[in-house]
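These figures come from a predicted structure and were not determined experimentally.
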Amino acid sequence: MRTPSRPRRAFWGDVRFLLGLGMIAASIGGVWLVVSSAGATTPVLQATRTIAEGEAVGSDDFQVVEVNLGALGDRYLAPEDLGGGSVASRTLTADELVPASALADADSRRTTTIVIQTGTAVPGEVAAGSTVELWQSRAAEDGVEAQAPSILVEAATVASFVEKQGVLASDEAGVELVIDRSDVAAVLAAIAGGAGLSIVPIGVTR
């Protein structure tokens, strides 16, 4: 007498088959997400010029560019993040994307800008954004002996050069410097006292 055969398990009920379908679906979904994210861009701010540390900035100093930053998008400033009264917390170079940490509120900064006239030509390697020393020297006059040159400001940032009558003077130049507010009184006193001022790149002595 033949024993009745056990009914075959339904093909669609095979757990391994269902797991396989799930893995295929997950793989397809992952590929779709990768392809979609690869084409996604984020609008961020890009500096249109070199901006010195401590310099006040506005919308005219930046342009909006679409960049694929992926997960790093929140590390850079979007157009809507630029508020009024902002200053650069570090020097930004032209065409650099603007990190979120590169701008700060003006009220939180201890720096300000001041324009000085140098008594000597500015070294050729000094440009906007350069960190320099500001030296002073006093010539002998009215029986007072000349003083040896000394550092007036140990670290200042060049914001810009001021042209005189449309042409930058060869032996004398106007320079806009970003300095700490604590140095303002000493610089103004040196200017009022007729001291000769010189710009010296950091690491170079005269």
Side-chain angles (χ1 to χ4, degrees), residues 45-63 77 82-139 141 146-206:
L45 294 177
Q46 182 183 49
T48 57
R49 62 179 181 85
T50 297
I51 301 171
E53 178 182 356
E55 189 176 353
V57 295
S59 58
D60 293 341
D61 300 309
F62 307 102
Q63 63 182 358
L77 288 181
L82 181 62
S86 295
V87 297
S89 56
R90 69 165 178 81
T91 297
L92 291 164
T93 58
D95 299 328
E96 180 181 354
L97 299 182
V98 183
S101 59
L103 297 186
D105 185 79
D107 294 336
S108 67
R109 300 293 296 174
R110 290 187 49 79
T111 58
T112 188
T113 58
I114 190 169
V115 176
I116 58 103
Q117 291 290 327
T118 65
T120 58
V122 176
E125 64 266 35
V126 175
S130 296
T131 302
V132 298
E133 296 170 342
L134 180 61
W135 285 64
Q136 67 172 338
S137 59
R138 296 178 183 274
E141 58 180 25
Q147 297 180 4
S150 60
I151 295 179
L152 183 59
V153 178
E154 293 185 352
T157 303
V158 176
S160 64
F161 295 97
V162 181
E163 295 185 354
K164 188 176 182 180
Q165 297 180 348
V167 179
L168 191 64
S170 57
D171 295 327
E172 183 178 277
V175 184
E176 183 181 15
L177 295 176
V178 179
I179 62 175
D180 192 275
R181 292 183 182 277
S182 62
D183 292 321
V184 172
V187 174
L188 292 178
I191 294 173
L197 302 179
S198 298
I199 296 293
V200 179
I202 291 294
V204 178
T205 58
R206 284 187 178 178

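The two residues Pro99 and Arg90 come nearest to each other via the heavy atoms CG-NH2, 3.3 Å. Closest heavy-atom contact between Gly54 and Thr111: CA-OG1, 3.6 Å. Of all heavy-atom pairs between Ala159 and Ala128, the closest is O-CB, 3.7 Å. Of all the heavy atoms in Glu125 and Pro201, the pair that sits closest is OE2-CG, 3.5 Å. Heavy atoms only, all atoms of each residue included: Ser182 and Arg110 are closest at CB-NH2, 4.4 Å. When every heavy atom of Arg181 is checked against every heavy atom of Thr112, the shortest pair comes out as NH1-CB, 3.9 Å.
Put simply, the side chain of Val98 reaches to within 4.5 Å of the side chain of Phe62, judged on heavy atoms. Side-chain contact between Thr50 and Thr91 is present, with heavy atoms from C-beta onward closer than 4.5 Å. Side-chain contact check for Val132 versus Val200: every heavy-atom pair is 4.5 Å or farther apart. With a 4.5 Å cut-off on side-chain heavy atoms, Leu103 and Val87 do not count as touching. Residues Leu82 and Leu77 have side chains not in contact (no heavy-atom distance under 4.5 Å, counting atoms from C-beta outward). Residues Glu133 and Ile202 form a side-chain contact, since some pair of their non-hydrogen atoms from C-beta on lies under 4.5 Å apart. Side-chain atoms of Pro149 and Gln136, non-hydrogen and from C-beta on, never get closer than 4.5 Å to each other. Looking at Ser198 and Thr118, their side chains never come closer than 4.5 Å, going by heavy atoms from C-beta outward.
Residue-environment remark: CD (Glu154) stays at or below the threshold of 12 foreign heavy atoms within 6.0 Å.
For Ser101, there are no side chain to side chain donor-acceptor pair (under 3.5 Å) partners, not counting sequence neighbours.
With rounding to the nearest 0.5 angstrom, the CG atom of Leu92 is 9.5 Å from the CD atom of Glu55.
For Gln46 (side chain) and Asp95 (main-chain N/O), a donor-acceptor pair under 3.5 Å exists by modelled atom type. Between the side chain of Thr48 and the backbone N or O of Asp61 there is at least one donor-acceptor pair closer than 3.5 Å.
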> Given the rule in the side-chain contact (heavy atoms from CB on, under 4.5 Å) test, do Ile191 and Leu197 qualify, once you have shown the distances and angles that lead to the verdict?
Replying inline: CA-CA 8 Å; Ile191 294 173; Leu197 302 179; 3.9 Å; yes
>> Checking Val158 against Val126 for the side-chain contact (heavy atoms from CB on, under 4.5 Å) test, could you report, in this order, the C-alpha distance in whole Å, the side-chain angles of both residues, the deciding distance, and whether it holds?
In response: CA-CA 8 Å; Val158 176; Val126 175; 3.8 Å; yes
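Checked against Asp183 for a side-chain contact (heavy atoms from CB on, under 4.5 Å), the options Val153, Ile114, Leu188, Leu177 give a single hit: Val153.
Side chain to side chain, Glu176 and Ser160 meet the donor-acceptor criterion of an N or O pair below 3.5 Å.
Using a 4.0 Å cut-off between a side-chain N of Lys or Arg and a carboxylate O of Asp or Glu, Arg49 and Glu96 do not qualify as a salt bridge.
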